[in-house]
Amino acid sequence: MPDIVVYPDSPSFIDGAANFIVDIADQSIAERGRFVIALSGGSTPRPIYARLASADYRDRVEWDKVHVFFGDERCVPPDDARSNYRMTYEALLDHVPLPTDQIHRIRGEIDPAQAALIYEQELQQLFRTAAIPVFDLICLGLGDNGHTASLFPGTASLREKERWIVPQYVEVMTTWRVTFTAPLINAARHCAFLVEGAGKAEMSQRVLEGPYQPDVLPAQLIQPVNGELHWLVDAPAAAKLHFK
Ligand code: 6PG
């Protein structure tokens with residue numbers, strides 16, 4: 001069973017998520033001397049990233065020991081308004097003393113297959129292993145259609161067993177994405193869904209309590225092999241859950 005934490009409102013959800021990330025950072029740095037995190041995109045995490053960059057939080061993280069990756073990216077240039085990198089840069093990365101060579105962005109502006117390969121090589125270089133990398137924390141969102149990262153319903157990337165990062169054409173959005181695969185996500189020490197708003201209540205209930213149908217609800221694929229699964233949700237998003 002995932003560890004589900006329900007926050008009464010948006011401010012406590014944002015603070016709760018920021019505290020959660022700081023706690024895992026502290027733990028990871030204490031145990032391994034560094035914190036390797038993959039950030040989620042979309043709109044939900046922006047205020048959480050901004051909170052982490054605020055005076056209340058930024059001095060609580062040893063940023064020189066942090067490596068930031070992205071769980072997925074839209075295949076657009078880094079200055080494009082749809083870029084997850086741009087959103088994260090504006091909300092967090094531009095405001096904290098994180099060495100630039102420890103910001104590992106997906107090159108959304110180049111060929112998606114090439115971008116995926118380059119990102120896998122970057123992981124091999126950092127983790128110095130051909131074995132599947134073990135992130136300290138992978139943050140995830142929940143799409144209205146049950147997707148997470150860029151693992152969309154009915155797409156080939158859902159059946160990937162070997163690759164860590166793949167390009168994925170998303171028919172419903174007529175666009176390319178580059179995404180972490182379920183095997184890479186499920187190798188992490190901590191996976192955390194950050195889910196906010198009444199609009200996510202039904203999908204949260206279906207993913208957490210409904211029948212297992214990952215081809216329809218890809219978020220159900222996220223079941224860490226040796227790690228912990230966390231759901232940080234606000235009360236409106238948790239409104240339809242039975243076991244909270
Ligand atoms: C992306 C994300 C995606 C996102 C969900 C939820 O690039 O869009 O990584 O998986 O997390 O779509 O998005 P919202 O937070 O905007 O609802």
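Just so it is clear, the model here is predicted, and its values are computed rather than measured. All values below come from the heavy atoms of this structure, side chains included, with hydrogens, waters and symmetry mates left out. Numbers here are sequence positions counted from 1. Start at 1 and go down the list; that is how both ligands and their atoms are numbered.
- Among residues two or more places apart in sequence or in another chain, the side-chain hydrogen bond (donor to acceptor under 3.5 Å, both in side chains) test is passed with R51 by D15, S54, D56.
- Every protein residue with a heavy atom nearer than 4.0 Å to ligand 1 is included here: G41, G42, S43, T44, D72, R74, N84, G141, L142, G143, H147, T148, A149, R177, K200.
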List the steps, then state whether ring pair (Phe, Tyr, Trp, His ring centres under 6.0 Å) holds for H104 with Y119. CA-CA 8 Å; H104 308 269; Y119 216 45; 7.5 Å; no

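- A ring-centre distance under 6.0 Å is not found for H230 and F193.
- At a threshold of 4.0 Å, the pair E73-R105 does not count as salt-bridged, since none of the basic side-chain nitrogens sits closer than that to a carboxylate oxygen.
- Within the 6.0 Å centre-distance limit, the rings of F135 and F127 are counted as a close aromatic pair.
- At distances below 3.5 Å, not a single donor-acceptor pair connects side-chain atoms of D136 with backbone N or O atoms of S28.
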